[in-house]
Amino acid sequence: QVQLVESGGGLVQAGGSLRLSCAASGRTFSRYNMAWFRHAPGKEREFVAAIRWTDGSTYSSDSVKGRFTISRDNAKNTMYLQMNSLKPEDTAVYYCAADPRSSVQSIPEWYNYWGQGTQVTVSS
């Protein structure tokens with residue numbers, strides 16, 4: 001099993017940047033596919049980005065492509081989401097998620113392990 005803790009959220013002006021971190025416990029972190037989702041009020045939980053553990057391949061939603069970058073440091077058991085050129089519509093609670101299966105999916109139901117979330121607020 002793996003336990004996840006997000007950090008790095010906060011209030012930022014439009015056009016600014018934030019870097020989220022997801023610290024994982026457990027010796028097998030390197031063998032989990034990892035993902036970021038976000039949940040804004042009145043909306044469904046939305047896929048943001050994912051990274052495959054086998055080869056480091058990354059995937060991101062069209063809404064964040066070119067602005068957000070997902071990465072991981074297996075030696076530190078940590079995943080990151082670098083968010084640049086932030087927009088007010090990026091405001092949400094951001095969650096990290098993990099799954100040990102080989103397939104990377106963009107649906108939240110696929111992921112077995114979740115963090116508690118970190119709030120990101122982008123002011124206009």
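For reference, positions follow the sequence shown, starting with 1.
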Between [atom1] on residue [X] and [atom2] on residue [Y], distance to nearest 0.5 Å:
| X | Y | atom1 | atom2 | result |
| --- | --- | --- | --- | --- |
| M83 | Y94 | CE | OH | 5.5 Å |
| S85 | R67 | OG | CZ | 7.0 Å |
| T69 | L81 | OG1 | CG | 8.0 Å |

Are there over 12 heavy-atom neighbours, none belonging to [X], within less than 6.0 Å of that residue's [atom1]?
| X | atom1 | answer |
| --- | --- | --- |
| K76 | NZ | no |
| Q3 | CD | no |
| R101 | CZ | yes |
| Q116 | CD | yes |

>> Using the rule given for side-chain contact (heavy atoms from CB on, under 4.5 Å), can you reason through L11 versus Q119, listing the C-alpha separation, both sets of side-chain angles and the distance that settles it, and then say yes or no?
In response: CA-CA 8 Å; L11 173 64; Q119 176 71 47; over 6 Å; no

So which atom in [X] and which in [Y] form the shortest heavy-atom distance, rounded to 0.1 Å?
| X | Y | value |
| --- | --- | --- |
| Q82 | S17 | NE2-CB, 4.0 Å |
| R45 | P108 | CD-CB, 4.2 Å |
| V120 | G9 | CG2-CA, 4.1 Å |
| G117 | V93 | CA-CG1, 3.8 Å |
| A14 | S124 | CB-CA, 4.4 Å |

> E89 and S63: side-chain contact (heavy atoms from CB on, under 4.5 Å), yes or no, with the steps?
Replying inline: CA-CA 10 Å; E89 50 263 44; S63 61; over 6 Å; no

>> Using the rule given for side-chain contact (heavy atoms from CB on, under 4.5 Å), can you reason through Q105 versus D99, listing the C-alpha separation, both sets of side-chain angles and the distance that settles it, and then say yes or no?
In response: CA-CA 9 Å; Q105 299 289 334; D99 187 84; over 6 Å; no

Is there side-chain contact between [X] and [Y], with at least one heavy-atom pair below 4.5 Å?
| X | Y | value |
| --- | --- | --- |
| M34 | L4 | yes |
| P100 | N112 | yes |
| W110 | S103 | yes |

> Centre of F29's six-membered ring, under 6.0 Å away, within 45 degrees of the axis: is that where NZ or CZ of R72 sits?
Replying inline: yes

> Which residue pairs pass the ring-ring contact (aromatic ring centres under 6.0 Å, His included) test with at least one member in residues 38-89, sequence neighbours excluded?
Replying inline: F37-F47

>> Salt bridge check, K87 against D90: does any charged N sit closer than 4.0 Å to a carboxylate O?
In response: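 A salt bridge is absent here (no side-chain N lies under 4.0 Å from a carboxylate O).
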
> Are any side-chain N or O atoms of T91 and backbone N or O atoms of V122, one a donor and one an acceptor, separated by less than 3.5 Å?
Replying inline: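 Side chain of T91 to backbone of V122: a pair is present.
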
> With sequence neighbours excluded, what pairs up with S57 under the side-chain hydrogen bond (donor to acceptor under 3.5 Å, both in side chains) test?
Replying inline: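 Partners of S57 by the side-chain hydrogen bond (donor to acceptor under 3.5 Å, both in side chains) criterion, ordered by chain and then number, come out as D55.
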
